[in-house]
Amino acid sequence: MSLTKIFDISATALAAQSVRLNTTASNLAAADTVAGTPDEVYKARYPVFKAVLLTEQLGDDQGSVGVAVDGIVRADRPAKVIHDPSHPLADDNGNIYMADINVIEEMTNMIEASRAYQTNVQVASMTKRLIEATLRLGQS
């Protein structure tokens, strides 16, 4: 594998972690939202990754493996029931429903995604420096 293939691999990982960061940010933003029925409650979203041969994406004949987002799934956790008859969205029983989003879990997920993103940026940066150093060797 040539050093330039590393850029392709890192680019797929950066794109995947960007989706992960965005879905986590959406989950955090909706953590305190309420609804009038359990069906209307925000459900946390999580990306599903899969390994892909870059030949499929780039038309290359050498088999490099990258990562892609296979889809985004919604959590199936039930909504939290809060009894608040004075709330404007309260149902006939005086209940409102809140998304079951664990903020600590989401923050941990965001830190993991951020570090994975940062690592892939460092891989691409180091690869660039190696290529530049190799080119300088040829100038001597």
Side-chain angles (χ1 to χ4, degrees):
M1 174 187 345
S2 72
L3 284 176
T4 56
K5 297 256 188 242
I6 296 172
F7 291 119
D8 297 333
I9 295 167
S10 288
T12 63
L14 289 170
Q17 292 305 325
S18 179
V19 170
R20 184 177 174 197
L21 284 166
N22 284 332
T23 55
T24 302
S26 295
N27 293 344
L28 284 169
D32 291 331
T33 60
V34 295
T37 67
D39 297 334
E40 296 173 351
V41 172
Y42 178 86
K43 300 286 187 182
R45 292 164 174 83
Y46 300 100
V48 177
F49 300 132
K50 71 175 182 177
V52 293
L53 286 174
L54 295 182
T55 53
E56 298 170 9
Q57 293 180 342
L58 304 175
D60 191 5
D61 61 347
Q62 294 183 358
S64 299
V65 177
V67 65
V69 177
D70 193 31
I72 296 177
V73 297
R74 291 183 182 194
D76 60 354
R77 295 186 294 254
K80 296 177 190 174
V81 180
I82 301 168
H83 187 71
D84 185 0
S86 64
H87 196 282
L89 292 176
D91 63 11
D92 293 338
N93 297 325
N95 295 327
I96 57 172
Y97 303 89
M98 181 179 264
D100 187 17
I101 296 175
N102 184 332
V103 175
I104 295 170
E105 184 180 306
E106 294 298 327
M107 287 301 297
T108 303
N109 196 16
M110 184 169 276
I111 290 168
E112 287 176 1
S114 176
R115 288 189 178 162
Y117 190 94
Q118 181 182 14
T119 300
N120 281 288
V121 168
Q122 289 173 342
V123 166
S125 178
M126 179 58 76
T127 303
K128 177 184 169 201
R129 282 186 263 156
L130 287 171
I131 290 171
E132 289 171 347
T134 304
L135 291 173
R136 281 195 297 276
L137 285 175
Q139 293 175 349
S140 299

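Side-chain atoms are counted along with the backbone in the values below, which use heavy atoms only and exclude waters and symmetry mates.
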Test your reading of the model: is there a side-chain donor-acceptor pair from [X] to the backbone of [Y], 3.5 Å cut-off?
X   : Y   : value
R74 : K43 : no
N93 : N95 : no
D84 : G94 : no
S10 : F7  : no

Taking all heavy atoms of [X] and all of [Y], pick out the closest pair and write down the distance.
X    : Y   : result
T12  : G66 : OG1-CA, 3.5 Å
A68  : V52 : CB-CG1, 3.8 Å
A90  : P85 : CB-O, 4.1 Å
V69  : A16 : CG2-CA, 4.0 Å
I101 : A44 : CG1-CB, 4.2 Å

(request) Dump the intermediate steps for side-chain contact (heavy atoms from CB on, under 4.5 Å) on Y97 and L89, then the final yes or no. (result) CA-CA 9 Å; Y97 303 89; L89 292 176; over 6 Å; no
Does some side-chain heavy atom of [Y] sit less than 4.5 Å from a side-chain heavy atom of [X]?
X   : Y   : value
V73 : R45 : no
T23 : I72 : yes
V65 : I9  : no

I need the [X] [atom1] to [Y] [atom2] distance, nearest 0.5 Å.
X    : Y    : atom1 : atom2 : answer
H83  : I96  : NE2   : CD1   : 10.5 Å
K50  : D70  : NZ    : CG    : 4.5 Å
I131 : R129 : CD1   : CZ    : 12.0 Å
L28  : E105 : CG    : CD    : 10.5 Å

(request) Starting from the C-alpha separation in whole Å, work towards a yes-or-no answer on side chain to side chain donor-acceptor pair (under 3.5 Å) for N109 and R20. (result) CA-CA 8 Å; N109 196 16; R20 184 177 174 197; 2.6 Å; yes
(message) Would T33 and M98 count as a side-chain contact (heavy atoms from CB on, under 4.5 Å) here? Give the steps.
(response) CA-CA 6 Å; T33 60; M98 181 179 264; over 6 Å; no
Common cluster, [X]/[Y], ILVMFWY with side-chain heavy-atom separation under 4.5 Å:
X    : Y    : answer
L14  : L21  : no
Y46  : F49  : no
M110 : V103 : yes

(request) Could you check T24 against N22 for side chain to side chain donor-acceptor pair (under 3.5 Å), going step by step and ending with a plain yes or no? (result) CA-CA 5 Å; T24 302; N22 284 332; over 6 Å; no
Could you go through residues 114-122 and list every donor-acceptor pair under 3.5 Å that involves a side-chain atom there, pairing it with any protein atom two or more places apart or in another chain?
{"residue": "T119", "atom": "OG1", "partner": "R115", "partner atom": "O", "Å": "2.8"}
{"residue": "N120", "atom": "ND2", "partner": "A116", "partner atom": "O", "Å": "2.9"}

(message) side-chain contact (heavy atoms from CB on, under 4.5 Å) for V123 and I6? Distances and angles first, verdict last.
(response) CA-CA 8 Å; V123 166; I6 296 172; 3.6 Å; yes
